[in-house]
Amino acid sequence: MNKYQVYTLSNFTKIPQLQSFSTTAIEAIKVVGNVLPFKVNNYVTEELIDWANIPEDPIYQLTFPQKEMLSEGDFQKMAEALTANYKKPLLKEVANEIRYGLNPHPAGQQKNIPHLDDTPLTGIQHKYRETLLFFPSNSQTCHAYCTFCFRWPQFVGIDELKFAMKETELLVAYLQQHPEVTDVLFTGGDPMVMSAKNLASYLHPLMEANLPSLQTIRIGTKALGYWPYRFLTDKDADDMLRLFEEVVNKGYHLAFMAHFNHPRELQTPAVEKAIKRILSTGAQIRTQSPIMRHINDCVQDWRDMWRQQVKLGCIPYYMFIARDTGAQDYFAVTLEEAWHIYRKAYQQVSGVARTVRGPSMSANPGKVQVVGITEINGVEVFVLNFIQGRNPQWANRPFFAKYDPKAIWLDELEPAFNQPTFFFEENFEEALKVS
Ligand SMILES: *Cc1c(COP(=O)(O)O)cnc(C)c1O
Ligand code: SF4
């Protein structure tokens, strides 16, 4: 198989495996799909989803909207709008009303937009000193959409900014003024939806600028999980690989930040071949995923993922905690449970897979790792640690929060030992100004 067939709201009823679905099941997909992003392709439906195990199948949960992803009230609201045959603009209004109730901009993302002199650079986010996120305007989509995606406002069109920018020129100018940046991370959406030619139009000027401080070019992508044929049989697959080689030969570290959510995504012949081809260019592949109920909330999945990744030559990098946005209630795993799963899986892999770090929350002050739960002087606490901080000096600083078995996110936690605030809250406003 290599012809790319995309399914969205407008044609998903043609998916062969859906022909046995009841009308109610199809309607539910329509209702939720009108609020959250929905897109799959024939690789996902034919090679990844196990249709004998619906609706529990993890890849089905990952890509197909589920009724329970919306509250009953929200579901009814959208169902009624569809039954009443609302015209598009009105339907969108109803959808947006629901969307704005789902925290579309978590972790202060809109606060991370940097400036070049007085011009806001809407296609860049600069939160951590060394690493700049770059959102090429041509990569604001993906080969399929994850139902849990925290970038969902971009796909459903409620983000006017879209964090996107055309000009690499501005990116280069910003980097010239910011020699502290060593890494540029291309993100989106998924930069691997771009043609090789398109990606080259960003990469060439970036490399030609000969920025002495730039070391690593990263590409955040889920193409290996959703469309490995991107690197095998797509028209410009070979051009893409040659472009990677070019980056490596120019002396940059090319880091593929690959998003895999379930071991099954690492088991098809296509993904194995694609990984081999990418590694043969001299690029490295690091892997990351959030931990989510209904998808990968078990020890075995993580153990198997990390083992298989190492076997294929990839480097396990991050386990994230599902963000506080979109259908978070549906996917939420408590901090305690995430830590247990992380720890038990970690115990079952060898040292070469223990490059992974987590479970980590990408929260407003930084990436906060749940190191564990312990007792200090008879008080049960969470031990937390900054993997990354808005203020670089926070990194690797452990701190304590009151143990809370129900907590799923940092903002629900309280400082332990009767402290009035966490240490980073004292100079938080200051740190915001620095970035
Ligand atoms: C995770 C993240 C990065 C990259 O952090 P690393 O720890 O270097 O991988 C950069 N910017 C933002 C906003 C992030 O959330
Ligand atoms: S691949 Fe990434 S950006 Fe695309 S839908 Fe999934 S989580 Fe969102």
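Both counts, for ligands and for their atoms, begin at 1 and track the order of listing.
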Ring-face cation contact, [Y] with [X], 6.0 Å cut, 45° max:
| X | Y | value |
| --- | --- | --- |
| Lys273 | Phe231 | no |
| Arg286 | Phe256 | no |
| Arg390 | Tyr128 | no |

Pair [X], [Y]: side-chain N/O donor-acceptor within cut-off below 3.5 Å:
| X | Y | value |
| --- | --- | --- |
| Tyr330 | Gln61 | yes |
| Glu246 | His204 | yes |
| Thr141 | Lys39 | yes |
| His115 | Asp117 | no |

At less than 4.0 angstrom from any non-hydrogen atom of [X], what atoms of ligand 2 do you find?
| X | answer |
| --- | --- |
| Cys149 | 3 (S), 5 (S), 7 (S), 8 (Fe) |
| Lys222 | 1 (S) |
| Cys142 | 1 (S), 3 (S), 4 (Fe), 5 (S) |

Backbone or side-chain N/O/S of Cys146 under 2.8 Å of atom 6 (Fe) of ligand 2: yes
Asp190 and Lys222 ion-paired at < 4.0 Å: no
Sub-4.0 Å heavy-atom environment of ligand 1, residues by chain: Lys127, Tyr128, Thr131, Leu133, Arg218, Tyr317, Tyr318, Lys367, Gln388
